There are 2 protein chains.
Amino acid sequence: MNTLAEENYLKSIYHLSLNDVNVSTNQIAAALNTKAASVTDMLKKLADKALINYAKYQGVTLTAAGEKIALHIIRKHRLWEYFLVEKLHFKWDEVHEMAEEMEHISSIELIDRLDKFMDYPKHDPHGDPIPDRNGNFKKYELKPIAALNVNENGIISGVRDHSPAFLQYLEKQQLTIGKKIKVTEIIDYDLSMILQVEQTEIHISREVAKNLLIAI
Amino acid sequence: MNTLAEENYLKSIYHLSLNDVNVSTNQIAAALNTKAASVTDMLKKLADKALINYAKYQGVTLTAAGEKIALHIIRKHRLWEYFLVEKLHFKWDEVHEMAEEMEHISSIELIDRLDKFMDYPKHDPHGDPIPDRNGNFKKYELKPIAALNVNENGIISGVRDHSPAFLQYLEKQQLTIGKKIKVTEIIDYDLSMILQVEQTEIHISREVAKNLLIAI
DNA sequence: TAAAAAGTTTAGACTTGTCTAAAAAAATAA
DNA sequence: TTATTTTTTTAGACAAGTCTAAACTTTTTA
């Protein structure tokens, strides 16, 4: 098995890979709240284990083996988040830190039984897909509300920002997963948007519109 | 918070304290599968943190602060074991290793909610008491079946040996928690015992009789 | 396209927790 | 009660993962 530190590096590299093909040392350092020099050391270890492709100064990509491990950790993280919200009734902005610890529990059998216990959920409380035991999941397309035009609509299906502050704001505005929204107006001046959500109109900034995702 | 290693030392010292008031360096080393020299190093650290009372060559006892931490870890361990057996349907001999990892998840709120989710169980799957959030639990008296005389009876309520091999043996013999047993005969030669359990008679060795506990 | 800036790696050090080997203390035995 | 054995501690070393400071690449800018 891999160490806790190795698992966290692989997970970070996976997440960063979704935005950039090659992930840089500094990006990883920022994500893990560590220093670039520490990252370089770890990249060498991960490359020795054939979990990443690494060439000095060129950034890294995950190998198939590395991606498999990353996806397994992400599966565990999201299943535990689902458990915390659905079974223990935590709020969606409270579960990330706990799941950061729980994702490192090693037993595969445990996580498969947890999956079954919850009846094989497809998404975590933030709308992110939960990989199956082989690491597969549907890469359904989401886009930010900011990409919509007036009179277009969609169903809230995910968030780009997972910070408690953002999630709490959404909760308060009733902008939660599954809600149907329609853009009724876009303000020229600041590109903020007015949404129709159920019976009410909600005014959101462009910042929020960029971080709130809908299914197409 | 304390490190994983510190938590494991405190837990071991707590368990060993149940048999001996002062716990020796070698006992701890054996329990943690480490060397006496490593134990000495850690004992200094724990003493510096005022979690144990330590005088060179004299063995250790837990301070109130150390015992509180130990009991909290044991609470977490036993609640997770209960979860694994009752909710995920693992067998009682399969859960120890998983709980060894899960007991280090730090959130107190999480464990309190888990406790509530399972309706505040009083004992783990092996019959060991689950401390409440303040570390309190009823120290009800158990004694080994080996202490019984012919025609005396009791209810199986715990085990002294938690090894999978022993637990699997008990499971196969239907000697599980809650079963009512009565001693029908004690063989002079080897002190093995014949028990009446429900409709059948079961012959157990003295070794087993010493490790299987009943409520008085 | 040369100089400056930004990003990355190396070198050497530190912490945690572990180890072996040797020294010291305590317990046991003759 | 001295000698032997057992237990414990100390000394010094090591691996993992991190850090700072300095050196080296790459990218950007003028």
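Source: prediction; values computed, not measured. Residue numbers start from 1 in every chain, and the chains themselves are labelled A, B, ... in the order their sequence lines are given, proteins ahead of strands.
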So what does [X] hit on the nucleic acid, given a heavy-atom distance under 4.0 Å: a base, only sugar-phosphate, or nothing?
X	answer
B:Thr40	base
A:Ser38	base
A:Gln27	nothing

Nearest-nucleotide 5' precedence on DNA chain D, A:Thr3 against B:Leu43: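 On the 5' side of the pair lies B:Leu43.
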Distance, rounded to the nearest Å, where [X] contributes [atom1] and [N] contributes [atom2]:
X	N	atom1	atom2	result
B:Gln58	C:dA26	CD	P	6 Å
B:Lys56	C:dA26	NZ	C1'	14 Å
B:Asn8	C:dG17	CG	P	11 Å
A:Ile28	C:dG7	CD1	C1'	13 Å
A:Lys44	D:dA16	NZ	P	14 Å
A:Asn22	D:dT25	CG	P	20 Å
A:Tyr57	D:dT27	OH	C1'	13 Å
B:Lys35	D:dA15	NZ	P	16 Å

Worked check of side-chain hydrogen bond (donor to acceptor under 3.5 Å, both in side chains) between B:Glu171 and B:Thr176: CA-CA 6 Å; B:Glu171 179 93 24; B:Thr176 49; over 6 Å; no
Nearest listed nucleotide, side chain of A:Tyr54, among C:dT9, D:dT9, D:dG17: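 Shortest atom-to-atom distance from the side chain points to C:dT9.
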Nearest to side-chain heavy atoms of A:Asn26, which nucleotide of C:dT8, D:dT10, D:dT8: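 Taking heavy atoms from C-beta onward, the closest nucleotide is C:dT8.
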Side chains of A:Ser157 and A:Leu213 in contact at under 4.5 Å (non-hydrogen atoms):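 The answer is no; the side chains never approach within 4.5 Å.
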Derivation and outcome, side-chain hydrogen bond (donor to acceptor under 3.5 Å, both in side chains), residues A:Ser24 and A:Asn26: CA-CA 5 Å; A:Ser24 76; A:Asn26 267 357; over 6 Å; no
Upstream residue (5' side of DNA chain C) when B:Ala37 and B:Lys45 are each assigned their closest nucleotide: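 Residue closer to the 5' terminus by nearest nucleotide: B:Lys45.
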Contact under 4.0 Å: A:Thr25 side-chain N or O vs C:dT9 OP1/OP2: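 Result: yes.
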is_close_aromatic(B:Tyr82, B:Phe117), centroid dist under 6.0 Å: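 Ring centroids of B:Tyr82 and B:Phe117 are no less than 6.0 Å from each other.
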Ring pair (Phe, Tyr, Trp, His ring centres under 6.0 Å) evaluation trace for B:His96 with B:His126: CA-CA 10 Å; B:His96 182 76; B:His126 313 108; 7.6 Å; no
